[in-house]
Amino acid sequence: MGWQARALYAEAVRNLATRAKPEGGALASVLERFVADLIKDARERSVPVRKVLEERLAHLQEGVGC
């Protein structure tokens, strides 16, 4: 069963699309934008990038018990 979930996840990531990359393969672009926004926000607030990252991901941690 685990390999099926992993295969489904891998396929979903491969097919991730945006307006700029409607054919798929947009994960790198999405992550680059996410990281650039983290850095910009951290600089504007004069806080470490890690703090901004933790704030933005906090809602995800609630669902997995971290």
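- Follow the hydrophobic side-chain contacts under 4.5 Å out from Val13 and you never reach Phe34; the two are in separate clusters.
- Criterion: ILVMFWY side-chain heavy atoms under 4.5 Å apart, direct or through other members. Under it, Leu60 and Val52 are part of a common hydrophobic cluster.
- The existence of a salt bridge linking Arg50 and Glu55 is excluded, since no basic side-chain nitrogen approaches an acidic carboxylate oxygen closer than 4.0 Å.
- Between Lys21 and Ser29, the shortest heavy-atom distance links the atoms CD-OG, 3.8 Å.
- In Arg33, the CZ atom is not crowded: 12 or fewer heavy atoms of neighbouring residues, nucleotides or ligands sit closer than 6.0 Å.
- Interatomic distance, Asp37 CG to Arg56 CZ, rounded to the nearest 0.5 Å: 5.5 Å.
- Here CG of Leu27 is found 10.5 Å from OG1 of Thr18. Values are rounded to the nearest 0.5 Å.
- The shortest heavy-atom contact between Ala17 and Pro22 is CB-O, 3.7 Å.
- Following chains of ILVMFWY side-chain contacts shorter than 4.5 Å, one cannot reach Leu31 starting from Leu38, and the two form parts of different hydrophobic clusters.
- For the atom pair CH2 (Trp3) and CG (Leu8), the distance works out to 11.0 Å, reported to the nearest 0.5 Å.
- Residue Leu57 is grouped with residue Val35 when hydrophobic side chains (ILVMFWY) are merged at heavy-atom distances under 4.5 angstrom, including chains of intermediate members.
- Under 4.0 Å is where a charged nitrogen must lie from a carboxylate oxygen, and between Glu11 and Arg14 at least one such pair does.
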